[in-house]
Amino acid sequence: MYKSFLLVFVVSFFSNAALAQSADAIVPAPPQSNATAYLLMDYHSGKFLAEKNIDEQVEPASLTKMMTAYVAGEELEAGHIKLEDQVLVSEKAWRMPGSRMFIEVNTQVSVDDLLKGIVIQSGNDASVALAEHISGSEDVFAQVMNQHAKRLGMNNTSFVNSTGMPAPGHVTTARDMAILAVALLRDHPELYQLHAVKEFTYNDIRQNNRNQLLWRDASVDGIKTGHTEAAGYCLVSSAKRGNMRLISVVMGTDGVEARTEFTRALLEYGFRFYESHIAASAGKPIGHEHVWKGEIQNINYGVANDVYVTVPRGHADKLQHKVSLEKPLVAPLENGSRLGQLKIQLADEVLATADIIALQTVAEAGLMGRMLDSIKMMLE
């Protein structure tokens, strides 16, 4: 009988231990590489899932063209240029070495074609031609690039040219490239779509997009490759599966296959072990609270923007919402006014914070109602 009891106890103990372990997140360490720097992040929440030397300044090579395209997107949005504009190709643009679109000197090329030449073919000639069209000279265009970099918070980046050709002081970081990737996706989604195009033909010369992941993974839709002898082989990629989008930045690998396969490994790791979750939806009530001296007694509150978090896969139901309101709430209250703070936690880790706002306007009550509430407040 004692042996039977002992057997039941042992089985029960290990079963409970297994259940407890299964309730915890099983997330292995991310893949590693001898690349100079890299990161993997969730586009929506901004959470880093893997990182190495993300603030070390390195040469960006043709990743520079992400900013060239971003500036063009800003100029198009402002109405300063149009896709159908014809650009006269200068001798400087025509003579650019390295990867080329093969535009010809003194011919005219549309802004639309130049953008395709920049994004799909990584054309140095196209980059210079567009830079000169937008700013008069490539030097002035580089100043515009740096102004946008500063505005976006790319604090360790300095651009000297539009192409990424090696030049003293032309540097960036993996973190800054991720910031730029987010901005390109967020601010210019139509322009971003060009980064998924696999080939482009100009002047009867067909060239393939150098991002090999476009052929290997249907969820990948960008973004840009880069290579110089000093920078090594670089790749900024983005992929979307379901409601989750990941961005990876890989700098300074030793070959095309190395940058491609390590990027693929990072993306697979992120999608396999993590998930994106909207912890609070914009404009939807997450609770209500009593209002003093108001025409109504309760007010609904929520957040102004969707609050995203990234959690180990299968653990979204374990999220905790911690609400801190600035009490007492006294009318009048305007729709959108700040009422406090929301913290989203997983166990003891704070994943996100957001301001709590009023989701409706509450006008003051009449004189009698305000007087009664004043008395009640003193007795609270």
Connected via hydrophobic side-chain network under 4.5 Å: [X] and [Y]:
X: L130; Y: L180; value: yes
X: V144; Y: L115; value: yes
X: L267; Y: V182; value: no
X: Y43; Y: L184; value: yes
X: V236; Y: I118; value: yes

If you count heavy atoms of other groups shown closer than 6.0 angstrom to [atom1] of [X], is the number above 12?
X: R186; atom1: CZ; value: yes
X: Q207; atom1: CD; value: yes
X: E229; atom1: CD; value: no
X: E334; atom1: CD; value: no
X: K343; atom1: NZ; value: no
X: Q86; atom1: CD; value: yes

[X] side-chain N/O to [Y] backbone N/O, donor-acceptor pair under 3.5 Å:
X: N124; Y: P97; result: yes
X: K116; Y: F200; result: no
X: T228; Y: A231; result: yes
X: S238; Y: L246; result: yes
X: S374; Y: R370; result: yes
X: H80; Y: I134; result: no
X: N300; Y: L359; result: no
X: S135; Y: E132; result: no
X: K198; Y: W215; result: no
X: R259; Y: G226; result: yes

So, [X] and [Y]: side-chain donor and acceptor under 3.5 Å apart, yes or no?
X: N298; Y: E289; value: no
X: H170; Y: T64; value: yes
X: T68; Y: K65; value: no
X: T361; Y: N335; value: no
X: S127; Y: S162; value: no
X: R151; Y: Q147; value: no
X: H321; Y: Q345; value: no
X: T163; Y: N161; value: yes
X: T173; Y: Q57; value: no
X: D217; Y: S219; value: yes
X: D187; Y: Y70; value: yes

Which atom of [X] lies closest to which atom of [Y], heavy atoms considered:
X: D125; Y: A93; result: CB-O, 3.0 Å
X: I296; Y: Q360; result: CD1-NE2, 3.4 Å
X: A72; Y: I81; result: O-CD1, 4.0 Å
X: E275; Y: H315; result: OE2-N, 3.6 Å
X: V303; Y: A354; result: CG1-CB, 4.1 Å
X: A69; Y: V119; result: CB-CG2, 4.3 Å

Item to check | Centroid-centroid distance, Y38 to F262, less than 6.0 Å | outcome: yes

Checklist entry - So, Y301 versus H288, ring centres under 6.0 angstrom or not? => result no

Checklist entry - Would you call the rings of Y192 and H195 parallel, tilted or perpendicular, where under 30° means parallel and over 60° means perpendicular? => result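 Y192 and H195: parallel rings.
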
Checklist entry - Yes or no on side chain to side chain contact (heavy atoms under 4.5 Å, CB included) for T353 and Q341, after CA distance, side-chain angles and deciding distance? => result CA-CA 7 Å; T353 61; Q341 187 182 64; 4.1 Å; yes

Checklist entry - Would T310 and S45 count as a side-chain hydrogen bond (donor to acceptor under 3.5 Å, both in side chains) if you check the C-alpha gap in whole Å, the side-chain angles of each, and the deciding distance to 0.1 Å? => result CA-CA 6 Å; T310 307; S45 71; 2.5 Å; yes

Checklist entry - Considering residues at least two apart in sequence or located in another chain, which fulfil the side-chain contact (heavy atoms from CB on, under 4.5 Å) criterion with A174? => result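 A174 satisfies side-chain contact (heavy atoms from CB on, under 4.5 Å) with A37, L39, I54, V249, M251 only.
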
[atom1]-[atom2] distance between [X] and [Y], expressed to the nearest 0.5 angstrom:
X: M67; Y: D176; atom1: CE; atom2: CG; answer: 9.0 Å
X: E91; Y: N106; atom1: CD; atom2: CG; answer: 8.0 Å
X: D42; Y: I247; atom1: CG; atom2: CD1; answer: 8.5 Å
X: L213; Y: L235; atom1: CG; atom2: CG; answer: 6.0 Å
X: I120; Y: K224; atom1: CD1; atom2: NZ; answer: 11.0 Å
X: M177; Y: N156; atom1: CE; atom2: CG; answer: 11.5 Å

Item to check | Verdict with supporting geometry, N203 and E104, side-chain hydrogen bond (donor to acceptor under 3.5 Å, both in side chains) | outcome: CA-CA 9 Å; N203 205 13; E104 297 180 357; 3.3 Å; yes

Checklist entry - Less than 4.0 Å between a side-chain N and a carboxylate O, is that true for K284 and D306? => result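 Result for this pair is no, no salt bridge flagged.
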
Checklist entry - Do NZ/NE/NH1/NH2 and the carboxylate oxygens of R264 and E257 come within less than 4.0 Å? => result no

Checklist entry - Could you walk me through whether E51 and M41 pass the side chain to side chain contact (heavy atoms under 4.5 Å, CB included) check? => result CA-CA 9 Å; E51 60 180 276; M41 67 174 285; over 6 Å; no

Next on the checklist: ring pair (Phe, Tyr, Trp, His ring centres under 6.0 Å) for Y308 and H277? Distances and angles first, verdict last.
Outcome noted: CA-CA 6 Å; Y308 282 86; H277 184 71; 9.0 Å; no

Next on the checklist: Assess the residue pair I103 and L114 against the criterion (side chain to side chain contact (heavy atoms under 4.5 Å, CB included)); give the C-alpha distance rounded to whole Å, side-chain angles, the decisive distance to 0.1 Å, and a yes or no.
Outcome noted: CA-CA 9 Å; I103 52 180; L114 287 176; 4.3 Å; yes

Item to check | side chain to side chain contact (heavy atoms under 4.5 Å, CB included) between V171 and V160, intermediate numbers included | outcome: CA-CA 9 Å; V171 292; V160 177; over 6 Å; no

Item to check | Side chain to side chain, V311 and L319, heavy atoms closer than 4.5 Å | outcome: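 V311 reaches L319 side chain to side chain.
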
